[in-house]
2 protein chains.
Amino acid sequence: MSQDRTGVDLETSLGYLLKEASSALRTAMEAVLRPLGMSVTHYSCLELLAQRPGLSNSELARGAFVTRQSMNVLLQALERDGYVSRPGEAPVGKALPTRLTPLGRRSLEEATVAVRAVELRMLGGMTEDEQSDAFRILQSMIRSLRNDPRNGD
Amino acid sequence: MSQDRTGVDLETSLGYLLKEASSALRTAMEAVLRPLGMSVTHYSCLELLAQRPGLSNSELARGAFVTRQSMNVLLQALERDGYVSRPGEAPVGKALPTRLTPLGRRSLEEATVAVRAVELRMLGGMTEDEQSDAFRILQSMIRSLRNDPRNGD
DNA sequence: TGACTCATGTCAGTATTCTGACATAGATTG
DNA sequence: CAATCTATGTCAGAATACTGACATGAGTCA
């Protein structure tokens, strides 16, 4: 009504709102992780390893939504500082299974408390049904975005 | 059941799913904008200016979810290449109102077509009601994340 | 008026992530 | 068996975004 462009209206765009929500979540997580000297990707990596021990660099990268090159930089730092360990040789193929050290596990525990608080705050004010709706809807968006029409389906 | 950690379960975490959806959207947008030689932030800046002409650098930064320093670097490049124009002196205060040039407008039109296709693909398979739910739920998340309990209130 | 606070534009340096490239291990295929 | 394809780890350089800092203009308040 305020325009006749056929473009994307930021005020009503779900894409824009998704970006806004993601940005707000990231900012909130950075705020609670900063005092622990930990970045969001750093935390994501440790959390992935806690839940799925033995993930390779490439698998961690996909799980944290960064490139394997970026994850490699992080893993080298984490290994140097004693938070994770990797075997010197790959047991099979080239993939090096990574594991948390006791130090890494302790470090993660602090962070998890902080991050869980953020997640609970985000969920505050939402009913159980709304949380289910949110889950289903976000998964629908992801599915639709993944199947690229140019890949000939 | 697969664990007794009291942590965040990635499989059922709305935060993780939000990040995944946002990552998928960003990847899809990068894919269609790359052939046009445009980044997501670049596009966001032009789209903001089309809908709200005269925004300042700081306002554009907030709208594109980056720092004003990052947006300043982008604006200088866009101004140098003739996509936007800024007055040499601030009409009031220090804020420089930015506007699209005809070249910038033409450049944006191409991008808008591509981005709208991505947004429509993301919405594919969602009913009108689900889109309304998504809108309301995302806004609820943003609101909850913004009001920081440590800010008193 | 003068001190103070706040928002802005901008410079400089740092950190993080990305793209490009290469070599290698395993799987697939003829 | 040989060729090809795919996935992986890693190095190097470029692009992007960030933090820190400073000066300036406008509003607030005593």
Side-chain angles (χ1 to χ4, degrees), chain A residues 19 22-23 26-31 33-35 37-45 48-49 54-81 84-99 151, chain B residues 19 22-24 26-31 33-46 48-49 52 54-81 84-99 151:
Chain A
K19 188 174 177 181
S22 177
S23 172
R26 185 175 193 84
T27 299
M29 286 182 65
E30 281 171 349
L33 289 175
R34 184 181 309 275
M38 205 179 289
S39 73
V40 174
T41 305
H42 182 147
Y43 160 76
S44 300
C45 178
L48 281 162
L49 284 174
L55 285 186
S56 70
N57 174 37
S58 288
E59 290 168 325
L60 286 168
R62 280 191 292 269
F65 311 109
V66 296
T67 62
R68 65 186 196 275
Q69 291 92 330
S70 296
M71 182 56 71
N72 193 35
V73 172
L74 174 61
L75 273 185
Q76 287 176 353
L78 292 179
E79 192 171 17
R80 167 174 51 79
D81 297 342
V84 306
S85 67
R86 286 191 287 182
E89 280 195 359
V92 56
K94 294 190 68 179
L96 297 173
T98 312
R99 295 186 174 275
N151 287 355
Chain B
K19 188 173 177 183
S22 177
S23 171
R26 184 174 193 85
T27 299
M29 286 181 66
E30 282 171 348
L33 288 175
R34 183 182 309 275
L36 304 175
M38 206 180 287
S39 72
V40 174
T41 305
H42 181 149
Y43 161 75
S44 300
C45 177
L46 297 185
L48 282 163
L49 285 174
R52 307 212 277 273
L55 283 187
S56 70
N57 174 36
S58 288
E59 291 168 324
L60 286 168
R62 281 191 292 270
F65 311 109
V66 296
T67 62
R68 66 186 195 276
Q69 292 91 331
S70 296
M71 182 55 72
N72 193 35
V73 172
L74 175 60
L75 273 185
Q76 287 176 353
L78 291 179
E79 192 170 17
R80 168 173 50 79
D81 298 342
V84 306
S85 66
R86 286 191 287 182
E89 281 193 359
V92 58
K94 295 190 68 179
L96 297 173
T98 312
R99 295 187 174 275
N151 288 356

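Here the structure is a predicted model, which means the values were calculated and not measured. Just so it is clear, the values below take in all heavy atoms, side chains as well, and ignore hydrogens, waters and symmetry mates. Letters go in sequence order (proteins before strands), and every chain restarts at 1.
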Quiz prompt | Pairing residues for B/V40 by the side-chain contact (heavy atoms from CB on, under 4.5 Å) criterion, not counting sequence neighbours | solution =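 Scan of B/V40 (side-chain contact (heavy atoms from CB on, under 4.5 Å), adjacent residues dropped) gives A/K19, B/R26, B/M29, B/E30, B/L33, B/S44.
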
How long is the line joining [atom1] of [X] and [atom2] of [N], in whole Å?
X     : N      : atom1 : atom2 : answer
B/E89 : C/dT8  : CD    : C1'   : 15 Å
B/M29 : C/dC18 : CE    : C1'   : 18 Å
A/L75 : C/dT17 : CG    : C1'   : 15 Å
B/L78 : C/dG9  : CG    : P     : 15 Å

List for me each residue that meets side-chain hydrogen bond (donor to acceptor under 3.5 Å, both in side chains) alongside [X], sequence neighbours excluded, and say none if there are none.
X     : answer
A/S23 : none
B/S70 : B/T67
B/T41 : none
B/R52 : A/E11

Quiz item: How close do B/S58 and B/R68 get, heavy atom to heavy atom, and via which atoms?
Solution: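 Smallest interatomic distance, heavy atoms only, reads OG-CD, 3.4 Å.
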
Practice problem: Of all the heavy-atom pairs spanning A/M71 and A/C45, show the shortest one and how long it is. | Solution: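 That would be SD-SG, 3.9 Å.
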
Practice problem: With axes from five pairs an end, tell me the bend angle of the helix from C/dT1-D/dA30 to C/dG30-D/dC1, nearest 10°. | Solution: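 That helix has its two terminal axes inclined by roughly 30°.
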
Extract all donor-acceptor atom pairs below 3.5 Å that involve side chains of residues 85-99 of chain B and protein atoms in other chains or at least two apart in sequence.
unit_1 : atom_1 : unit_2 : atom_2 : d
B/R86  : NE     : B/E79  : OE1    : 3.4
B/R86  : NH2    : B/E79  : OE1    : 3.4
B/T98  : OG1    : B/L55  : O      : 3.3
B/T98  : OG1    : B/L96  : O      : 3.4

Using nucleotides 7-11 of chain D, report all nitrogen or oxygen pairs with the protein that are shorter than 3.5 Å.
unit_1 : atom_1 : unit_2 : atom_2 : d
D/dT8  : OP1    : A/R62  : NH2    : 3.2
D/dT8  : OP2    : A/R62  : NH1    : 3.0
D/dT8  : O2     : A/K94  : NZ     : 3.3
D/dG9  : OP1    : A/N57  : N      : 3.3
D/dG9  : OP1    : A/L96  : N      : 3.3
D/dG9  : OP2    : A/S58  : N      : 2.8
D/dG9  : OP2    : A/S58  : OG     : 2.6
D/dG9  : N7     : A/R68  : NE     : 3.0
D/dG9  : O6     : A/R68  : NH2    : 2.7
D/dT10 : OP2    : A/N72  : OD1    : 2.9
D/dT10 : OP2    : A/R86  : NH1    : 3.3
D/dC11 : OP2    : A/Q76  : NE2    : 3.2

Self-check item: salt bridge (Lys or Arg N to Asp or Glu O under 4.0 Å): pairs with one or both residues in residues 57-66 of chain B, sequence neighbours excluded
Solution: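 Checked against salt bridge (Lys or Arg N to Asp or Glu O under 4.0 Å) - neighbours excluded - no pair reaches residues 57-66 of chain B.
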
Any protein N or O atoms within reach of nucleotides 13-17 of chain D? Criterion: under 3.5 Å, listing atom names and distances.
unit_1 : atom_1 : unit_2 : atom_2 : d
D/dA17 : OP1    : B/T41  : OG1    : 2.7

Exercise. Would you indicate whether the side-chain heavy atoms of A/N72 and A/Q76 approach each other to under 4.5 Å?
Key: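 A/Q76 reaches A/N72 side chain to side chain.
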
